Amino acid sequence: MSQDAILLVFFVFCGGMAAQWVAWRFRLPAIVLLFVLGLVLGPGLGILHPSTLVGPLFHPIVSLAVALIVFEGGMALDFRQLGVAGEGVLRLTLVALPINWLLGSMAAHYVGRLGWGPAFLFGSIVVVTGPTVVLPLLRQAKLRPRIAAFLRWEAILNDPVGAILATLVLEILLMKPDEGTSAYFITIIPHVLISMIVAIGLGVGGGWAVKELFVRDLMPETLKMPLLLTLALAVFGLGSLFMDGAGLMAATVFGMALANMRVPGLGELQRMKESLVVLIVSLLFILLTADLQRVVLARLSWSILALTCATIFIVRPLGIYLATLRSGLSGSERIFVGWIAPRGIVAAAVAGVSGIRLTEAGFAGAELVMPAVFAVIAATMLLHGFSLRPLARGLNLTLSNVPALAIIGANPWSSNLAEVVTRAGTPVTLVDTAARALIPAKRAGVTVMHAEMLSEAGSESLEERPADYLIAATPDAIYNGMVCAHLAPHFGRARVYQVSPGVKKLDEYRGLSRDARGKLLGEPEWNFTLLDTLYQDGWRFMAFPVTEGTQAGLSRHDAERLDFLTLRPGSGFSIRSAEEAMHAPPTPGDVMIAFVPPAVPEPKAEVEL
């Protein structure tokens with residue numbers, strides 16, 4: 001392997017993962033860090049030149065990677081979401097897209113000073129809001145389900161539609177003068193319709209084939225994931241043979257078919273696929289940005305800057321306003337959707353190929369299409385990436401900014417715990433399959449949810465609640481473990497806890513596997529029977545505010561007090577577990593939640609003599 005190839009692998013893989021970790025750790029938009037890293041390594045320092053190093057295979061490889069991304073995005077499109085977001089989704093995909101195209105084309109001509117041909121091409125490219133940018137932002141923002149569904153469906157559906165629209169505009173512009181308008185109706189329109197029908201057929205057919213293989217047990221577990229990836233690439237390739245953009249539509253429909261056909265066994269595979277897509281997105285953003293030529297950046301001008309501002313501040317908001325007139329969307333939702341529209345990889349890839357073809361055909365201003373699209377991509381990623389969360393908070397479109405707790409299992413002591421934590425200022429959702437068991441907690445002001453957590457409905461309902469940590473507190477230790485293992489990918493394995501199943505069942509070799517259960521809540525001896533017995537004997541949960549005077553007393557171990565949680569206003573909370581090597585002591589301003597016997601005195605401030 002050459003030195004350049006080694007540098008490419010090192011900077012792209014290690015840099016991408018470092019950017020993703022920094023973004024997660026400090027709650028920053030990862031796409032912005034990846035974009036900046038690519039600019040620094042490519043046009044900035046000149047260390048990476050991906051297309052030069054890889055050669056003519058670079059763009060086909062990028063196209064295949066994009067196909068996997070839209071396939072994964074398609075699997076997030078469940079038709080059941082249309083029950084609450086259907087009208088908004090239809091308006092954003094069917095009405096807003098042509099309006100934004102016309103407005104964007106006019107802005108490109110009158111503001112960006114592009115000829116009408118390149119202007120219409122620019123307008124067709126910037127109508128897409130790429131899932132490579134939108135989906136990572138949605139994972140971090142904790143938006144309300146309805147508004148998140150709007151942005152998710154628009155990004156995933158508009159990506160292939162926008163690519164097909166750009167291809168259609170390009171074919172019309174490149175028509176020979178002697179072909180006349182008859183070629184448009186006889187050749188181009190039928191070709192587009194046939195390509196779309198083929199793409200839908202490939203996607204649905206692929207989903208049906210997977211379901212048949214999985215249901216009939218004709219595919220071993222080790223081959224299921226490779227099969228999904230292979231079929232996603234296959235339908236993309238076959239669709240692309242008919243028309244550019246049809247492959248993306250086929251891959252998207254394939255993912256949607258799997259999501260809505262209820263194919264069994266996809267849950268575990270989808271988590272692995274999501275991890276793979278995170279890696280692919282990291283690589284693509286760095287590679288495509290690093291591959292930008294300095295000559296493209298040199299073409300940036302005041303007219304392109306003005307066009308970028310017009311696209312972001314006028315075209316998109318005005319298009320969404322017109323498309324959502326007399327709709328069921330609220331004013332805050334219309335403002336938010338009108339502003340948030342980051343463009344991504346598909347826009348960059350289409351602009352690169354289409355701009356070159358128009359330039360070779362002699363269209364005036366065609367060489368400005370790529371820098372103009374690049375400017376919109378860069379500006380929207382920076383502006384929308386950093387403003388999405390604050391704007392959503394300001395418009396009250398987020399679930400909650402305060403770290404919250406979900407408790408599975410409503411019994412006397414867990415209901416008491418939920419009530420005390422709620423009164424201390426931390427949101428709690430108490431979940432149980434028995435509605436009657438939830439009544440006392442509900443009367444005490446605790447948010448409750450009647451659902452089975454191992455069902456699809458239960459998991460989806462929990463996603464709509466502001467929960468960051470989970471405690472499984474039912475009498476059934478095996479069920480607690482199943483719930484923790486099932487929801488660990490959603491919360492994070494380090495944030496799911498369960499009541500101790502008993503000391504013997506915690507044996508590292510013969511006991512319950514750590515992969516099949518949650519982290520231990522408290523000490524191994526604190527099993528359900530002990531906690532239930534102590535509650536019957538009069539023990540109750542209490543909240544102890546930590547001050548400079550009581551800090552020392554609360555930090556010391558007390559046999560007459562079982563310390564469960566430490567709430568830290570503004571930064572979250574910590575749950576005590578014997579499986580954690582270090583426990584941060586409480587500091588002034590914290591609130592300690594402890595299980596105490598009847599009439600326990602509060603810790604007194606120590607007096608220095």
Side-chain angles (χ1 to χ4, degrees), residues 29 31-45 99-130 132-134 137 162 166 169 285 288-321 335 338-356 358-359 363-388 390-391:
I31 54 172
V32 175
L33 301 183
L34 296 168
F35 184 79
V36 172
L37 181 61
L39 281 181
V40 172
L41 296 177
L45 301 178
I99 294 176
N100 285 330
W101 172 44
L102 293 176
L103 293 176
S105 301
M106 294 174 64
H109 179 70
Y110 291 109
V111 179
R113 310 208 175 241
L114 276 66
W116 277 116
F120 277 113
L121 180 63
F122 171 85
S124 65
I125 293 174
V126 296
V127 296
V128 300
T129 56
T132 55
V133 187
V134 172
L137 290 176
V169 170
F285 265 104
L288 287 176
T289 311
D291 200 52
L292 285 170
Q293 302 297 319
R294 293 181 180 178
V295 65
V296 174
L297 300 179
R299 292 191 183 122
L300 296 175
S301 62
W302 287 110
S303 62
I304 291 181
L305 176 60
L307 173 59
T308 302
C309 293
T311 302
I312 297 175
F313 295 101
I314 300 177
V315 172
R316 170 73 179 188
L318 180 58
I320 296 301
Y321 171 78
I335 293 173
W339 170 248
I340 300 299
R343 278 68 169 185
I345 291 172
V346 173
V350 173
V353 176
S354 304
I356 293 175
L358 275 192
T359 302
F363 280 82
E367 71 279 358
L368 298 178
V369 172
M370 180 59 183
V373 172
F374 164 74
V376 173
I377 293 173
T380 53
M381 280 199 298
L382 291 172
L383 293 176
H384 299 164
F386 282 111
S387 65
L388 186 146
L391 180 61

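Starting from 1, each residue takes its place in the sequence as its number. These numbers were taken from a predicted model, which means no experiment stands behind them. Excluded from the calculations below are hydrogen atoms, water molecules and symmetry mates; all remaining heavy atoms, backbone and side chain alike, are included.
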**Message:** Quick check: do Phe120 and Met106 have side-chain heavy atoms less than 4.5 Å from each other?
**Reply:** no
**Closest heavy-atom pair and its distance - Ser387, Ile340** = OG-CD1, 4.3 Å
**Message:** How close do Val369 and Pro118 get, counting heavy atoms only, and between which atoms?
**Reply:** CG2-CB, 3.8 Å
**Prompt:** Of the non-hydrogen atoms in Ala372 and Ile304, which two are nearest, and what is the gap between them?
**Reply:** CA-CG2, 3.8 Å
**Asked** Rounded to the nearest 0.5 Å, what separation is found between the OG atom of Ser105 and the CG atom of Asn100?
**Response** 10.0 Å
**Request:** Starting from the C-alpha separation in whole Å, work towards a yes-or-no answer on side-chain contact (heavy atoms from CB on, under 4.5 Å) for Val36 and Thr289.
**Result:** CA-CA 8 Å; Val36 172; Thr289 311; over 6 Å; no
**Test side-chain contact (heavy atoms from CB on, under 4.5 Å) applied to Phe122 and Leu368, step by step** = CA-CA 9 Å; Phe122 171 85; Leu368 298 178; over 6 Å; no
**Item:** Shortest non-hydrogen contact from Val32 toward Phe386
**Value:** CG1-CE1, 3.6 Å
**Request:** Before giving the answer on side-chain contact (heavy atoms from CB on, under 4.5 Å), spell out for Arg113 and Leu307 the whole-Å C-alpha distance, their side-chain angles and the decisive distance to 0.1 Å.
**Result:** CA-CA 9 Å; Arg113 310 208 175 241; Leu307 173 59; over 6 Å; no
**Request:** Compute the centroid of each ring, for Phe363 and then for Trp116, and state whether the two points are separated by less than 6.0 Å.
**Result:** no
**Message:** Looking at every non-hydrogen atom in both residues, tell me the closest pair between Val315 and Ala107 and how far apart they are.
**Reply:** CG2-CB, 3.9 Å
**Asked** What distance do Phe285 atom CZ and Leu39 atom CG have between them, rounded to the nearest 0.5 Å?
**Response** 11.5 Å
**Request:** Please confirm whether the backbone N or O of Arg343 pairs with a side-chain atom of Thr380, one donor and one acceptor, at under 3.5 Å?
**Result:** yes
**Asked** CD1 of Ile377 to CG of Leu382: how many Å apart, nearest 0.5 Å?
**Response** 12.0 Å
**Prompt:** How far does CG of Leu391 sit from CG of Leu383, to the nearest 0.5 angstrom?
**Reply:** 12.0 Å
**Asked** Does Arg316 reach the main-chain N or O of Trp339 with its side chain, forming a donor-acceptor pair under 3.5 Å?
**Response** no
**Complete:** CG of Leu41 to CG of Leu45, rounded to nearest 0.5 Å, is 6.5 Å
**Which atom of Ile312 lies closest to which atom of Pro317, heavy atoms considered** = O-CD, 3.2 Å
**Message:** Using only atom types and a distance under 3.5 Å, with no angle test, would you say the side chain of His384 pairs donor to acceptor with the backbone of Ala341?
**Reply:** yes
